[in-house]
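Right, one structure below, let's go through it.
Counting starts at 1 for both ligands and their atoms, in listed order. Owing to the predicted nature of the structure, the values given are computational and were not obtained by experimental measurement.
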Amino acid sequence: MIDALFVVPGNAKGVYQKLSADYSAIETPTWALLLAESCRSVGHDVKILDVTAEKLSHQNALDRIIQINPRLIVFVVYGQNVNAGTTSMSGAVALSNLIKLNKINSPIIYIGSHVQALPIEALEKEKSIDIVCTNEGVYSLWNLLSLEKINPVFLSKVKGIGYRDFDKVCLTEPEKVVPQERLEIDLPGYAWDLLPCKDMPFDLYRSPMWHAEYDFNQRSPYAAIQTSLGCQFKCEFCMINIINRNDNDPIGVAGNYSSMRYWPTDFIIKEFDKLIEMGVSTIRIVDEMFLLNPKYYIPLCEKLAERNKNDSLRMWAYSRIDTIKRPGILDLVRSAGIKWLCLGIESGDKQVRLEVSKGKFEDVNITKVIEKVHEADIEVMANYIFGLPKDNKATMKKTFDLSKELCTAGWNTYAAMALPGSQLYKNAIDMKYKLPDNYAGYSFHAYNTQPLPTEYLTPEEVLDYRDKCFTSYHTYKPFLKKIESKFGKKAAENIKNMTKIKLKRQILGD
Ligand code: SF4
């Protein structure tokens, strides 16, 4: 019997509507890979079942779980992008309900942003969940796997978990996350060899369209890798740092646990080497703030540049817009094979932006920064948010007009949501705002997406504007002309086809 099976659940039907068939990315499951390798390093026998990548039906996934018969079933529920932890609960819970219906005895534990944010609520609501981890769960998992028996008497001794003792939900004392000085020891890399594949490693995973320059054929093989964990900022719309949680408040707020940890360069470059040796050149660097701390990113980029002599790597990374002003940085980044930077611009209105970003930005000239990035032959995936608390029609238009002026090769805009784990979620509860009726409603692309109102706008007005701007930008002539000249006619065609898929929205009366 193996000790733990890490299950990466698929999304429930309809979460991404028709976009899921061809357009949405399929990411390698970072935390399932990290936890699997960590447990292996202390002697446990583990496997990964990636329901999303293998496109398994729940019945097929259940059959595989029965066949593997693990001692502990570990659902790792973070989603395809950092904001999708709650959305992914829909598919996860459907599968764990099916497991319980079939009277499988192995306990089910959940690790992921939703249960970190709302551990008590999750256990009260979802009877198929036996245990939750209240943070990243490395040490809790080790300790659980060392228990003689997994029952309430023993569970009460494991820190950093929640569990049910008959009908009563109990949280144990908080557990620490892996400290910086032990990162390469207790989180010693990625269990890449446990991922499923069809003909070659990583061929079941695919990048976002834009990362592959809008060419379907370049999307696989694909992998995502983190070189650091967490973020030092406290943006109110973001729930990234909930993973570092060190208290038992019923509603966790990510901004209370902001911190960053880095793997040493000599250690993490070996993980890139493994990917490159296995034939992967399309790579996402998932770090929330890759270009923040030069002590780490400069030597790493230098080492990546040595491996990118023929410009074969196609990578992307996140950055702040104000840290890439450092002289020479952009050329180094480009030589490392980072061909796209994903920049959180959020709003074209300074007041709206500063209100929620809590010191994230120095006041920079966004247009000039983007120009410099383009001059370095790096494309930009620009991220914006409509419906931040101070947004009105004029400020949202300002954001959209700025996005057209910047004319970046990638454009992403979401309607602000009360994501569990974010300050906006806590505020929404306090303000008694309407929240989504189910997990899928927290998706940016679902039929029943339920965004937040602003001080001046209804959720309907925000979502309607977001969807119209999506089409408007992707059919904007200067944008399509740019795509055609950079990536060819086919790429522009692919974008035009994508815009034919219209998302249906319940709150807009579809
Ligand atoms: S900068 Fe803000 S939005 Fe980005 S990861 Fe950090 S807290 Fe989240």
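The residue from Ser258, Ala254, Gly344, Cys235 that puts a heavy atom closest to atom 2 (Fe) of ligand 1 is Cys235. Closest heavy-atom approach to atom 4 (Fe) of ligand 1 among the candidates Gln232, Gln423, Met289: Met289.
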**OP:** For Glu379 and Lys486, run salt bridge (Lys or Arg N to Asp or Glu O under 4.0 Å): C-alpha distance rounded to whole Å, both residues' side-chain angles, the deciding distance at 0.1 Å, then the answer.
**Re:** CA-CA 10 Å; Glu379 297 304 334; Lys486 289 220 152 247; 3.0 Å; yes
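With sequence neighbours excluded, the residues forming a salt bridge (charged side-chain N to carboxylate O under 4.0 Å, His left out) with Asp266 are Lys303, listed by chain and number. By the side-chain hydrogen bond (donor to acceptor under 3.5 Å, both in side chains) test, Asp430 pairs with no residue at all, sequence neighbours left out.
For Lys368, the NZ atom counts as loosely surrounded, since its 6.0 Å shell holds 12 or fewer non-hydrogen atoms of other residues, nucleotides or ligands.
At least one heavy atom of Phe237 sits less than 4.0 Å from an atom of ligand 1. In this structure, Met239 falls outside the shell of residues with a heavy atom less than 4.0 angstrom from ligand 1.
Contact annotation: Cys231 places no N, O or S atom under 2.8 Å from atom 8 (Fe) of ligand 1.
Counting the atoms of ligand 1 from 1 in the order shown, those under 4.0 Å from a heavy atom of Glu288 are 5 (S).
Taking the side chain as every heavy atom from C-beta outward, Leu341 and Leu330 approach each other to under 4.5 Å.
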